[in-house]
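Every number for a ligand or one of its atoms is a count from 1 in the order of the listing.
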Amino acid sequence: MHFEFSEEFAVSQDQYDTLAAYRNRFHFPLIHGKKAIYFTGNSLGLQPDKAEEYILQEMEDWKKFGVEGHFQAKNPWFSYHEPFAKLLAPIVGAKESEVVAMGSLTNNLHLLMVSFYRPTSTRYKILSEQKAFPSDLYALDSQARFHGFDPKDAVVEIGPREGETYIRNDDVIAKIQELGDSLALVMMGGVNFYTGQLFDMGKITEVGHSNGAVVGFDLAHAAGNVSLQLNAWKVDFAAWCSYKYLNSGPGSVAGIYVYEKHHTDGSLPRLNGWWGNKADSRFKMERSFRAFETAEAWQLSNAPVFSMAIHRASLEIFNEAGMDALVEKSRKLSGYTHTVIEKINADAGEELIQVITPTDQHERGCQVSMVMKKNGRMVFDALLKNGILTDWREPDVIRIAPVPLYNSFKDVFDFYSTLRKILL
Ligand SMILES: *Cc1c(COP(=O)(O)O)cnc(C)c1O
């Protein structure tokens with residue numbers, strides 16, 4: 001695509017953009033009384049317009065019905081999670097039976113690893129990526145320790161080659177093959193939180209399986225950001241949070257995916273709770289546990305209705321807009337972002353900003369991670385002063401995520417012209 005460095009160009013792109021109106025469906029924070037240019041949807045997505053109304057509905061039903069709300073509420077709490085499968089499935093490329101909105105991300109990773117990390121004395125290694133999100137590495141280390149292994153030996157992290165900024169997919173594949181019979185589990189981010197690199201999950205799953213390993217992904221930075229085909233890729237399990245790209249509010253309910261062939265596999269261990277019991281006998285309070293024959297079997301507790309109300313408001317927007325259209329716009333928006341950064345470097349005559357995110361649109365989502373070669377913190381503060389909210393990572397990285405639901409080409413242009421003024 002051809003990009004220009006003028007406001008007219010950006011504004012005309014917004015005029016052609018069929019998703020432009022979705023911006024009005026979100027609440028923007030104000031900076032100096034003006035709507036912020038919000039580039040931190042990868043960290044905490046914006047509030048959807050219907051979120052408050054949907055929560056108030058549940059508050060009202062609680063007021064009106066008390067415990068009877070389980071069946072009398074407009075959206076009965078007893079079966080509250082059920083309609084979410086239909087909304088989540090297209091976002092992660094799964095069958096409805098394979099997804100469920102539940103729990104929180106790190107908790108869910110542990111629950112899933114109870115089922116899917118089953119090491120033996122010889123096959124016990126876990127492959128992850130270097131600079132994975134710390135919570136994931138803590139979870140992996142503690143899982144290894146829980147099974148009696150030394151995490152230093154059991155958890156293998158693959159990193160970029162010397163002098164490179166992100167990890168070659170081929171190196172991940174080679175590492176899986178090298179670990180071979182010792183590899184129990186591949187468990188990595190679908191999109192790395194730091195660099196924004198999108199991994200080739202289909203290929204990694206295929207090679208993982210051919211080496212006898214189980215393959216799962218943390219999709220915290222992938223769900224709602226990139227095109228996912230979990231079922232077609234035959235990924236064994238995945239988990240994500242809903243407060244980043246999925247705009248469902250701080251600490252809101254998360255989600256899991258379990259590949260269909262595992263649903264009725266009686267040999268899989270699983271930690272059970274009453275919400276994993278089939279709906280028709282759940283409230284009979286019987287001694288015996290009758291598991292759902294879907295991903296719902298992994299549910300433990302009754303649905304956190306208030307946070308799920310927000311989640312529904314957000315997922316409805318995703319389903320209206322459609323992931324294909326969102327990904328298409330996202331590629332253009334972040335393509336534009338990469339281009340304006342190159343332009344600033346070219347005009348400066350030196351690399352002031354090193355982009356550590358892959359430039360190939362098949363290897364990234366919308367996030368662009370920038371190493372600031374000079375005065376990074378000052379640049380971050382100056383952007384903020386100018387109404388542009390970005391994300392700062394010590395010692396020198398600024399991450400921005402132009403998200404297709406509520407960012408515009410004009411936002412990227414304003415970022416460009418402001419950054420130019422700060423740097424040049
Ligand atoms: C955001 C994020 C988390 C956060 O975990 P919570 O359990 O939701 O607090 C974990 N892992 C990754 C990869 C993340 O991006």
Side-chain angles (χ1 to χ4, degrees), residues 39-46 88 91-92 99-114 116-117 126-143 151 155 157-159 166-167 172 185-199 201 204 215-226 228 230 235 237-257 271 298-301 304 306-308 310-311 314-315 356-357 364-369 390-394 397-401 403:
F39 281 140
T40 45
N42 57 341
S43 189
L44 190 81
L46 291 179
L88 283 168
I91 296 175
V92 295
V99 288
V100 59
M102 61 176 265
S104 60
L105 174 54
T106 309
N107 288 14
N108 289 345
L109 285 175
H110 277 300
L111 285 178
L112 289 165
M113 282 193 277
V114 165
F116 295 107
Y117 177 52
I126 307 174
L127 179 64
S128 192
E129 87 265 34
Q130 249 177 33
K131 280 215 190 229
F133 198 86
S135 197
D136 296 42
L137 292 174
Y138 305 155
L140 296 180
D141 286 356
S142 55
Q143 283 283 335
V155 179
E157 296 170 36
I158 170 105
Y166 54 89
I167 306 162
V172 179
L185 174 68
V186 178
M187 167 65 228
M188 38 195 298
V191 170
N192 180 269
F193 86 101
Y194 187 71
T195 61
Q197 176 181 11
L198 164 61
F199 290 100
M201 287 177 261
I204 289 170
V215 182
F217 292 100
D218 183 328
L219 303 177
H221 280 262
N225 176 24
V226 296
L228 296 167
L230 298 180
V235 172
F237 70 94
W240 54 89
C241 56
S242 67
Y243 47 80
K244 292 172 180 165
Y245 294 101
L246 292 177
N247 307 320
S248 301
S252 193
V253 69
I256 67 160
Y257 153 93
L271 295 182
W298 274 262
Q299 292 179 110
L300 296 183
S301 298
F306 299 114
S307 76
M308 286 176 78
I310 310 178
H311 196 31
S314 170
L315 294 180
I356 55 172
T357 307
R364 59 168 164 79
C366 68
Q367 177 177 314
V368 183
S369 303
T390 65
D391 175 271
W392 172 250
R393 294 282 133 171
E394 290 290 345
V397 170
I398 294 177
R399 300 182 306 164
I400 60 171
V403 312

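Checked by atom type and distance alone, the side chain of S252 never pairs as donor or acceptor with a backbone atom of S242 at under 3.5 Å. In this structure, D136 contributes its side chain and P134 its backbone to no donor-acceptor pair below 3.5 Å. When atom types are taken as modelled, the side chain of T357 and the backbone of T195 share a donor-acceptor pair closer than 3.5 angstrom.
The N/O atoms of S135, backbone and side chain alike, include none that comes under 3.5 Å of an N/O atom in ligand 1. Residue H221 places at least one N or O, backbone or side chain, under 3.5 Å from an N or O of ligand 1. The shortest N or O to N or O distance between D218 and ligand 1 is below 3.5 Å.
Remark: minimum distance from atom 11 (N) of ligand 1 to any protein heavy atom is reached at D136 OD1, 2.6 Å. With respect to atom 6 (P) of ligand 1, the closest heavy atom belonging to the protein is Y243 OH, 3.4 Å.
Between the side chains of S369 and Q367, at least one donor N or O sits under 3.5 Å from an acceptor N or O.
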Next item on the list: For R399 and R393, run side chain to side chain contact (heavy atoms under 4.5 Å, CB included): C-alpha distance rounded to whole Å, both residues' side-chain angles, the deciding distance at 0.1 Å, then the answer.
Entry: CA-CA 8 Å; R399 300 182 306 164; R393 294 282 133 171; 3.3 Å; yes
Next item on the list: Before giving the answer on side chain to side chain contact (heavy atoms under 4.5 Å, CB included), spell out for W298 and I256 the whole-Å C-alpha distance, their side-chain angles and the decisive distance to 0.1 Å.
Entry: CA-CA 9 Å; W298 274 262; I256 67 160; 3.6 Å; yes
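Comparing W240, F193, F133 against atom 13 (C) of ligand 1, the shortest heavy-atom distance belongs to F133.
Distances below 4.0 Å separate heavy atoms of T106 from the following atoms of ligand 1: 5 (O), 6 (P), 7 (O). Which parts of ligand 1 touch K244 is read off a 4.0 Å heavy-atom cut-off, strictly below it: atoms 1 (C), 2 (C), 3 (C), 14 (C), 15 (O).
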